Each structure stands twice: as C-alpha cells, then as structure tokens.
Amino acid sequence: MHQDVIKGQADPSYRAQVSYQAGMLAGLCCMISIIIYMGYHSTMEDIRLRMTEDRQALLQQVLPAGVYDNHPDQETFQLTDADYLPEPVIIYPARQNGHLMAVAFQTAAKGYSGDIHLMIGVTLSGELLGVRVISHTETPGLGDKIEVAKDDWITRFKGHSLNNTTAQQWQVKKDGGEFDQFTGATITPRAVVKAVYEALLFVQKHEQAMMIDLPASEEP
C-alpha cells in the first residue's frame, strides 16, 4: 500500500499536459477578473460621488457663489470648435434668475511634461472669474507652482479679459507680456497663459451659441 501511495504521488502525468495547464491558467484568470470586477463594481458609486464632489469644488472656485443660483453641473451642454480644442467642450452654465451670467469649462495646455488640464470661469462679458488646475504632470518644485495649493500665481488671472489685457500682454514677462514666469520653469506658465487666452477667444467666438443652448425650461 505504501508503495501505491508513493507511486500515485510521483506520477501526476495529467498535470504535465498542455490542456491541463491551459485550463488552470484560464480558471485563474477568470477568478482574478471576477474579483477585479466585483471590486470595481462595489466602489463605482463611491468613485462617481467623489468625482462629482471634486468637480463641484472646482466649479465653486471659478464661479463665485453670488454669480448664479442654479446648478451648473446639472445643466451642461457641449460646444465643438477644433480651432481651440480637439474634443467637444462641456459648458457649465451659471445663471441667476434664469439669465446666463457666466460659464465654466475645461481646457488644456501643453506643458513641459504633458497636458495641463484647467477649469476656467468666465463672465459673458469675457472677464475671468477664476482659473484652477485640475491635473498636471509638471516637475515638482518648479512647474507645479501652477497649483493654488503651492502658489497663488494661478489666481492672478482673475479680472483679466480681452478688453483690459492686449494680445501682446497675454504672455509671460520673459516674452514681453503681463504674467510672471517661474524661476527655472518658463514653459509651464507660458503654456497656461496661452491656454487661458485662447479660452477667452473661445468664449468671445461662441457667446451667442452659449445663449441659444440654454435649456428652454429654465428661461425666465
């Protein structure tokens, strides 16, 4: 009997077969996929909620509370203009008593290390209410001064418009413009200034389209 047990343990021939190994691998992959799916599904609602909260917090930073009494994040619409952005732009309309007062939208700048995503708030007259960085991959300690948590540089756009700042001034001081560059990092602020300037041109070009796209039910 002892010899039979030893013989059985020493001869698992089926385990060496390719079909067995493939079956084991497929089963393992299937189990991992199920675990990942269950994990994603169980956290999906929390992730969606956190993303909504982050977006609302950003909107509050670029759209002052006194400017609107609606819910801009619930009344969005899209505009497309390949001259400024390759993707459709989601517009967050800020209205007071049904009148469109300002808009917020995302745009992007080509920074030193990759895209810099921005949220911009602008009145219909083209005055900047606020600019904030959503995400970036710029160099820590140099380019990351565009974050409001690191430096107040990004807040200095507030109040600027195409009317009070000339096209020449929409550059960093190193290029003869109005806006400071960072010591050791000019590309990042230069890219952000250019993106903000183009965002104002975008609003100027599409002002009428933004008015037309207001939901009819929200008109006074």
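In this text the structure is predicted, and so the values were computed from the model without any measurement.
Side chain of Asn163 to main chain of Gly126: no donor-acceptor pair is present (N/O by atom type, distance under 3.5 Å, no hydrogens or angles). Glu138 places a side-chain N or O within donor-acceptor distance of the main-chain N or O of Tyr112, the cut-off being under 3.5 Å. In this structure a side-chain-to-backbone donor-acceptor pair under 3.5 Å is missing from Asp73 to Thr52.
The two residues Leu63 and Ala104 have their closest heavy-atom pair at CD1-CB, 3.7 Å. Pairing each heavy atom of Val133 with each of Leu58, the nearest pair is O-CD2, 4.4 Å. Heavy atoms only, all atoms of each residue included: Ala94 and Val67 are closest at CB-CG1, 4.5 Å. A pairwise comparison of heavy atoms in Ala108 and Ala195 identifies O-CB, 3.9 Å as the closest pair. Listed here is the closest heavy atom pair of Thr155 and Asp152: OG1-O, 2.5 Å.
The cluster map of Ile, Leu, Val, Met, Phe, Trp and Tyr, joined by side-chain heavy atoms under 4.5 Å apart, puts Tyr92 and Phe77 in different clusters. Linking ILVMFWY side-chain heavy atoms closer than 4.5 Å, directly or via other members, places Ile154 and Ile187 in two distinct hydrophobic clusters. Grouping the Ile, Leu, Val, Met, Phe, Trp and Tyr side chains by contacts below 4.5 angstrom, directly or via other members, places Leu142 apart from Val172.
Residues Leu59 and Arg55 meet the side-chain proximity criterion, which asks for heavy atoms closer than 4.5 Å. Within the 4.5 Å cutoff, the side chain of Ile116 has heavy atoms near those of the Leu118 side chain. For the pair Thr107 and Val89, the minimum side-chain heavy-atom distance is 4.5 Å or more. With a 4.5 Å cut-off on side-chain heavy atoms, Ile120 and Phe157 do not count as touching. Between Ile90 and Gln78 there is a side-chain heavy-atom pair separated by less than 4.5 Å.
In this pair, Phe105 and Phe202 present their aromatic rings tilted. The plane angle is within the 30 to 60° band.
For residues 104-114, the set of pairs meeting the salt bridge (charged side-chain N to carboxylate O under 4.0 Å, His left out) definition, not counting sequence neighbours, comprises Lys110-Asp115.
The number of heavy atoms from other shown groups lying within 6.0 Å of NZ (Lys205) is above 12.
A salt bridge does not link Arg50 with Asp54: every distance from a Lys NZ or Arg NE/NH1/NH2 to an Asp or Glu carboxylate oxygen is 4.0 Å or more.
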